[in-house]
Novice: 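What follows is a single structure, and I will ask about it in a moment.
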Number of protein chains: 4
Amino acid sequence: MERTKRPVPTSVKDTQLIEKRRAEMIRGSVQLFKQKGFHRTTTREIAKAAGFSIGTLYEYIRTKEDVLYLVCDSIYDQVKSRIEQMDLEQGTLENLKLGISHFFYVIDEMQDEVQVLYQEVKSLSKDVLPYVLEKEEEMTAMVEKLIQRCVDNGVLDMDKDHVRMLAQNIFVLGQMWGFRRWMLQENFTLEEYINLQIDLLFEGVKGYEKKAALK
Amino acid sequence: MERTKRPVPTSVKDTQLIEKRRAEMIRGSVQLFKQKGFHRTTTREIAKAAGFSIGTLYEYIRTKEDVLYLVCDSIYDQVKSRIEQMDLEQGTLENLKLGISHFFYVIDEMQDEVQVLYQEVKSLSKDVLPYVLEKEEEMTAMVEKLIQRCVDNGVLDMDKDHVRMLAQNIFVLGQMWGFRRWMLQENFTLEEYINLQIDLLFEGVKGYEKKAALK
Amino acid sequence: MERTKRPVPTSVKDTQLIEKRRAEMIRGSVQLFKQKGFHRTTTREIAKAAGFSIGTLYEYIRTKEDVLYLVCDSIYDQVKSRIEQMDLEQGTLENLKLGISHFFYVIDEMQDEVQVLYQEVKSLSKDVLPYVLEKEEEMTAMVEKLIQRCVDNGVLDMDKDHVRMLAQNIFVLGQMWGFRRWMLQENFTLEEYINLQIDLLFEGVKGYEKKAALK
Amino acid sequence: MERTKRPVPTSVKDTQLIEKRRAEMIRGSVQLFKQKGFHRTTTREIAKAAGFSIGTLYEYIRTKEDVLYLVCDSIYDQVKSRIEQMDLEQGTLENLKLGISHFFYVIDEMQDEVQVLYQEVKSLSKDVLPYVLEKEEEMTAMVEKLIQRCVDNGVLDMDKDHVRMLAQNIFVLGQMWGFRRWMLQENFTLEEYINLQIDLLFEGVKGYEKKAALK
DNA sequence: TATGAATGAGTGTTCATTCAT
DNA sequence: GATGAATGAACACTCATTCAT
């Protein structure tokens with residue numbers, strides 16, 4: 001489950017410096033990409049936002065696309081490390097709820113980054129896409145594990161397919177909070193959103209069947 | 001609830017011709033946008049794909065962005081008209097399932113278009129965005145109506161918020177089939193996907209609680 | 001003995017216009033290349049010298065190197081057509097002298113062009129070089145034919161190798177007038193140069209052996 | 001007739017070190033220039049080929065052009081010292097032939113260097129050109145001396161102009177072996193080339209006149 | 001109405017040169 | 001003396017848009 005990186009060649013040798021400069025670069029780029037998208041952002045703007053010259057920028061990357069890759073890669077790592085902090089020892093339903101809730105909080109905190117990730121991944125060329133998709137898979141795998149624990153614990157009775165699909169749903173519903181913010185965040189607070197989603201996720205439509213009618 | 005259009009000015013008067021030319025334009029553009037995205041597609045390519053010259057193209061639009069708007073608008077209309085065909089007279093759970101299923105089928109059939117819509121909407125400038133978002137809202141409203149009918153019919157006991165959120169979930173889960181195809185369409189057929197989603201949507205996590213434990 | 005052309009793709013369709021614009025382009029480029037060489041000349045300078053914008057320039061070529069190819073190709077054609085005018089009916093030594101003399105005159109008249117050809121051919125990439133070298137071979141073949149006629153006529157008794165080498169020598173000695181002008185054109189007029197070269201070429205070193213010593 | 005050098009300023013004082021570093025620099029540059037030409041070679045590549053850093057490179061030169069000058073200068077010196085080794089004491093025709101032959105051998109041995117010299121001299125700026133042309137003149141002067149000796153010895157009866165021109169011809173015919181290698185070295189060995197050229201040079205066209213015709 | 005040649009601002013990228021360490 | 005990170009002017013090339021025919 002080791003993270004795979006596509007190395008982005010540099011002219012600079014000092015690895016510490018590379019780390020530092022790239023962090024500056026990424027920070028600036030996220031802001032720009034969020035505002036104008038990758039394609040409408042120029043390399044000069046990236047360099048400026050990062051605080052160095054265009055020449056220096058190109059000491060740390062080879063092409064503009066490298067910036068996008070670096071940005072995506074970094075965001076994934078951040079999100080992942082944030083999610084990893086959550087404790088999912090016991091596989092109880094209550095714990096599952098907490099996990100989902102935590103996941104939604106993380107997404108909310110990193111909304112800008114997630115938005116960028118979400119909107120620009122497809123601008124990556126075919127040869128870096130695999131690296132990025134692998135990351136996505138890792139992340140859904142984390143949600144999957146959360147559910148699987150409940151199954152293993154004997155709390156849930158779900159087959160592998162249902163588990164996988166549920167994990168994906170939770171994942172996408174999390175992102176939805178970010179990419180449909182124009183619709184959601186006007187009408188709901190984060191807490192409301194989380195409660196609503198957990199309700200729907202746990203109860204299912206059937207949970208809302210009118211009992212009165214059954215009598 | 002009439003559809004609102006942002007008028008795209010033309011130098012040409014003959015409305016029939018406009019209709020025809022734009023249809024050619026849109027058809028060609030969808031293919032191109034799917035392959036290379038809006039930004040990497042040139043106006044020359046659009047003109048060529050549409051079957052006329054660059055000069056003629058600009059007789060029917062003002063800017064490149066107009067093409068994108070026209071494309072998005074057209075796709076919405078198509079999807080909408082496809083969905084409208086479904087009969088949702090009776091508000092039963094069975095009928096709701098059928099409706100969802102039908103919606104997923106539509107998304108699948110128009111996968112290319114939905115993908116384009118989905119990936120390029122954000123490239124629209126701030127001033128056309130409202131028009132497009134309105135369309136989105138119309139579409140989720142259709143799913144909403146499907147559910148609301150069950151509520152009105154006394155089959156479901158859901159408040160407005162839950163209904164809205166559920167509608168959005170279904171909508172996004174539909175799109176998910178398209179935009180996560182790299183992950184989903186390798187592992188599931190459309191039928192499997194639909195069944196799985198309807199299962200999860202209707203049963204909820206609780207539906208999978210181990211009954212044995214209840215003894 | 002048909003001339004082979006490497007086609008240089010255009011966005012423009014009107015072949016007459018292509019011909020015209022390229023002629024303008026070539027004329028301007030020769031001046032620039034002579035002054036500063038191919039590498040130090042910018043595409044903008046080429047466009048300006050040709051009398052149109054940078055955008056228009058690129059309607060008629062794909063890369064900067066295309067300009068160089070077009071220039072070289074055109075110069076070859078000009079030189080060749082100039083040489084072809086000379087009448088080399090009879091294969092006499094007198095006629096050979098006239099031919100050589102004529103060749104030198106042509107080189108002198110097209111000095112600028114020849115100089116450019118001579119200095120910049122090697123800047124062409126490997127894939128166009130064959131086209132250009134073929135042209136060179138055609139031209140030496142013309143000089144060769146001039147000599148061969150004398151052999152065929154029974155005036156000279158030379159084998160193929162000697163004929164070929166002599167042709168090459170004459171060819172290079174012609175170019176020499178152009179590329180060593182800094183040394184030659186200070187000390188000799190064209191007529192002097194021609195006379196001197198014809199002397200040396202026809203007499204050979206042995207022709208200058210001291211007769212007195214032979215007595 | 002002392003060699004004139006254009007001094008290339010240095011930040012380094014230690015003359016031994018300068019000598020050593022520059023030798024490394026020149027060796028590496030010749031290879032690079034031969035492969036890609038002066039303009040397509042970067043200073044970084046030169047530094048790397050020389051075995052030190054870009055910073056160090058600039059301790060020993062001021063501009064990239066200095067490298068070219070140093071390279072050309074060095075090649076001239078080498079060629080010259082190689083030619084000077086030949087013994088041309090006696091001014092006989094046999095000795096002249098030997099001299100020419102030796103000269104051609106030297107050119108052949110130093111083909112790469114000569115090629116570079118030949119192709120890149122024109123890239124030197126106007127202010128160093130005189131230094132380089134002076135070198136060229138020195139070299140033709142050496143060939144000239146070889147011929148002049150025969151004249152002085154009473155073996156040849158040639159005026160100054162003929163001597164100079166003949167020297168230039170021999171010089172250029174030597175270079176021709178290098179710069180027209182694509183045509184010559186496919187068809188002739190060096191020995192064949194030398195024999196052919198000496199034949200033509202000594203006999204002249206008249207030497208091949210058909211004697212039968214004289215009857 | 002239709003065409004396609006013309007335009008030039010704008011883009012990604014390179015590379016000779018400098019200078020703090 | 002040696003290093004290599006930083007710089008930014010300069011370059012080749014693109015492409016949305018216009019307009020004369």
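Worth saying up front: this structure is predicted, and the values here are computed from it rather than measured. Just so it is clear: chains get the letters A, B, ... in the order the sequence lines come, proteins before strands, and each one is counted from 1.
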Novice: Under the 6.0 Å and 45° cation-pi test, does B:Lys122 pair with B:Phe38?
Specialist: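 Geometry flag: not set, cation outside 6.0 Å or 45°.
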
Novice: Sequence neighbours excluded, which residues qualify as salt bridge (charged side-chain N to carboxylate O under 4.0 Å, His left out) partners of D:Lys36?
Specialist: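 Listed in chain order: D:Glu45.
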
Novice: Salt-bridged, C:Lys20 to C:Asp14, with N to O below 4.0 Å?
Specialist: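 Result for this pair is no, no salt bridge flagged.
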
Novice: Starting the side chain at C-beta, find the nucleotide from F:dA6, F:dG4, E:dT7 nearest to C:Ser53.
Specialist: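 So the nucleotide nearest the side chain must be E:dT7.
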
Novice: Do any pairs count as a salt bridge (charged side-chain N to carboxylate O under 4.0 Å, His left out) and have a residue in residues 22-33 of chain A, sequence neighbours left out, and if so which ones?
Specialist: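 As it turns out, the salt bridge (charged side-chain N to carboxylate O under 4.0 Å, His left out) pairs with a partner in residues 22-33 of chain A, which skip direct neighbours, are A:Arg21-A:Glu24.
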
Novice: Using salt bridge (charged side-chain N to carboxylate O under 4.0 Å, His left out), reason through C:Arg6 and C:Asp73 one step at a time and then give a plain yes or no.
Specialist: CA-CA 9 Å; C:Arg6 189 189 76 124; C:Asp73 194 60; over 6 Å; no

Novice: Considering only residues two or more places apart or on different chains, which pairs with a residue in residues 52-62 of chain A satisfy salt bridge (charged side-chain N to carboxylate O under 4.0 Å, His left out)?
Specialist: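 Listed once each, the pairs are A:Glu59-D:Arg44, A:Arg62-A:Asp66.
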
Novice: Between residues 7-32 of chain D and DNA chain E, which residues have a heavy-atom gap below 4.0 Å?
Specialist: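 Within this stretch, nothing sits under 4.0 Å of the strand.
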
Novice: Can you confirm whether C:Ile26 sits close enough to C:Val30 that some side-chain heavy atom of one is under 4.5 Å from a side-chain heavy atom of the other?
Specialist: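 Yes, their side chains come closer than 4.5 Å.
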
Novice: Encode nucleotides 11-21 of chain F as B, S and - characters from 5' to 3', where the letter depends on protein heavy atoms closer than 4.0 Å: B to the base, S only to sugar-phosphate, - to neither.
Specialist: SBBBSBBB---

Novice: Assess the side chains of B:Gln78 and B:Ser74: does a donor N or O sit below 3.5 Å from an acceptor N or O?
Specialist: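 Present: a donor and an acceptor within the cut-off.
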
Novice: For DNA chain F, just give me the dot-bracket, please: Watson-Crick or G-U, both distances below 3.5 Å, ( ) intra-strand, [ ] crossing earlier pairs, | paired with another strand, . unpaired.
Specialist: .||||||||||||||||||||

Novice: Taking all non-hydrogen atoms of both residues into account, name the closest pair between A:Gly28 and A:Ala49 and its distance.
Specialist: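 That would be CA-CB, 3.9 Å.
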
Novice: Could you tell me whether the phosphate oxygens of F:dA2, OP1 or OP2, come under 4.0 Å of any side-chain nitrogen or oxygen in D:Tyr60?
Specialist: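 Checking F:dA2 against D:Tyr60, a side-chain N or O does come within under 4.0 Å of OP1 or OP2.
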
Novice: Quick one: on DNA chain F, does A:Phe52 or D:Gly51 contact a more 5' nucleotide (nearest heavy atom)?
Specialist: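 Looking at the nearest nucleotide for each, D:Gly51 comes out on the 5' side.
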
Novice: Could you tell me how the ring of C:His39 sits relative to the ring of D:His39: parallel (under 30°), tilted (30 to 60°) or perpendicular (over 60°)?
Specialist: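 The rings of C:His39 and D:His39 lie parallel, inter-plane angle below 30°.
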
Novice: Between P on E:dT7 and CG on C:Leu57, what's the gap in Å once rounded to a whole number?
Specialist: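 For the pair C:Leu57 CG and E:dT7 P, the rounded distance is 11 Å.
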
